[in-house]
Amino acid sequence: MGVSTARARLWVERWERQQQRYAIDREERFTVIADVVEHVTARQRRPLVLDLGCGPGSLAARLARRLPRAEIVGVDMDPLLLALARAHRARAARYVEAVIGEDGWIEALGLRRAPDAAVATTALHYLPEPALLRTYRELAALLRPGGVLVNADHLFQDAAPTSAVTWHVGRRRAQRLREREPAGGGPGGRGSRRRGRVGPGERRRGPAERGDGQGTRSGGPQRAGGQGWFGEPAEPHEPRASGESWASGESGDSREPWDSWESWWRAIAGDPELTGLFAERERRRAAGSAVGNNGLTLSRHVALLREAGFDHVSPVWQFGDSHVLVALR
């Protein structure tokens, strides 16, 4: 069930474009993560970095460019995304298939020394709170003294009115960024400045339907974001209007390469080269039991990290409900 380098590159490039819809200032967030890792590992000759929920290697590739001497180990549960990473970004990291939080996942990494850093971007919120605390404890015990855990995700406020404000600010930020976006539509793409499109057969969804998590206490914006079980994403921060279609190889308009999450997976399911990997992915999804989004607030994540043994915990970057949270061992 291998995949050719050329085919992997095509699908990873489309992945990068569709992911731009689901994270505010995605490249800036990646840059901030790299800033933290660079600072903490400055005195390490060959830093060891874990990329938790690595998917097709998006963050690993950026870390490898920023820290060329680092040894990066990516771990994910999705066999298809890992195959794309191994084919297209083999030099960036060593990729391991394991389910974060399950028994034996640390041993599956095959580490010979304590990591200097562990990073995650929209990859841990699918864990129920007890499993997340256990995972935080395992990481605190695994990292070297002075090591760091960097968790970038959609982390919500305790009060529903505040959550509604941060969600709105993030959505407006995403709109402004899209309006300023060059014709590329993303790194190396050919996207359009036009906004507000909805995929074939989709309709615009109200707040109560968005995402894969539970709503706020007042029925405001959903507490859903990032990648959940096998990477289910947040609702795009850009509103979509009904009656318009995405291109993504489905609408017949090749000028618009923006996929939605759903259209990307529909398209890749039809690629004969990936049929076996997609079928295996679907089999594991059906057998899985993880939640879509644990709905934990920023303050709850901070409390769990401190309970797990991290001495210093603080957000270092925020826009809307998108945060980069740092926990030092």
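This one's a predicted model, so the numbers in the text were calculated from it and none came from an experiment.
The minimum heavy-atom distance linking P79 with E280 is given by the pair CG-CG, 3.9 Å. For the pair P315 and L298, the tightest heavy-atom approach, listed with the atom from each and the gap, is CG-CD2, 4.4 Å. Considering all non-hydrogen atoms of both residues, G146 and L328 come closest at O-CD2, 4.3 Å. Here the shortest heavy-atom pairing between R94 and G110 reads NH2-O, 3.8 Å. When every heavy atom of A92 is checked against every heavy atom of A61, the shortest pair comes out as CB-CA, 3.9 Å.
A salt bridge is absent between R112 and E71; no separation between the charged side-chain nitrogens and carboxylate oxygens falls under 4.0 Å. Remark: R66 engages D35 in a salt bridge, criterion side-chain N to carboxylate O under 4.0 Å.
The stretch residues 132-151 participates, sequence neighbours left out, in these salt bridge (charged side-chain N to carboxylate O under 4.0 Å, His left out) pairs: D116-R144, R137-E307.
In this structure, a donor-acceptor pair under 3.5 Å is present between the side chains of E16 and S58. Between the side chains of T122 and D153, not a single donor N or O lies within less than 3.5 Å of an accepting N or O. A donor-acceptor pair shorter than 3.5 Å cannot be found between the side chains of T297 and Q157.
Without hydrogens or angle criteria, E107 side chain to L109 main chain gives no donor-acceptor distance under 3.5 Å. Between the side chain of H323 and the main chain of D321, a donor-acceptor pair closer than 3.5 Å is present. When atom types are taken as modelled, the side chain of N294 and the backbone of P128 share no donor-acceptor pair closer than 3.5 angstrom. A donor-acceptor distance shorter than 3.5 angstrom exists from the side chain of S263 to the backbone of S260, with no hydrogens or angles considered. At distances below 3.5 Å, at least one donor-acceptor pair connects side-chain atoms of R89 with backbone N or O atoms of P56. Side-chain N or O atoms of R329 include one that pairs as donor or acceptor with a backbone N or O of A140 at under 3.5 Å. Looking only at distances, a side-chain donor or acceptor of D76 sits under 3.5 Å from a matching main-chain atom of C54.
Applying the side chain to side chain donor-acceptor pair (under 3.5 Å) rule to H88 yields no partners; only residues at least two apart in sequence or on another chain are considered.
Checking R14, R266, R17 one by one against D259, the salt bridge (Lys or Arg N to Asp or Glu O under 4.0 Å) holds for a single residue, R14. Here the rule is side-chain contact (heavy atoms from CB on, under 4.5 Å) with L50, and of L149, I72, L111 only L111 fits it.
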- Query: Do W317 and V326 pass the side-chain contact (heavy atoms from CB on, under 4.5 Å) test, and can you show the C-alpha distance, the side-chain angles, and the key distance before you say yes or no?
  - Reply: CA-CA 9 Å; W317 181 88; V326 169; over 6 Å; no

- Hey, mind stepping through V302 and R306 against side-chain contact (heavy atoms from CB on, under 4.5 Å) and telling me if it holds? CA-CA 6 Å; V302 171; R306 286 177 174 157; 3.6 Å; yes

- Carefully, step by step, assess D51 and V73 under the rule side-chain contact (heavy atoms from CB on, under 4.5 Å). CA-CA 6 Å; D51 182 3; V73 178; over 6 Å; no

- Message: Does L304 form a side-chain contact (heavy atoms from CB on, under 4.5 Å) with L296? I'd like the steps, not just the answer.
- Response: CA-CA 10 Å; L304 292 174; L296 298 179; 3.8 Å; yes

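Side-chain contact between L81 and W15: present, with at least one pair of heavy atoms (C-beta onward) separated by less than 4.5 Å. Counting heavy atoms from C-beta outward, F319 and T166 have side chains that stay 4.5 Å or more apart.
L82 and Y126 fall into different hydrophobic clusters, where Ile, Leu, Val, Met, Phe, Trp and Tyr are joined by side-chain heavy atoms under 4.5 Å apart, directly or via other members. The hydrophobic cluster containing F278 does not contain Y95, counting ILVMFWY residues as joined when their side-chain heavy atoms lie under 4.5 angstrom apart, directly or transitively.
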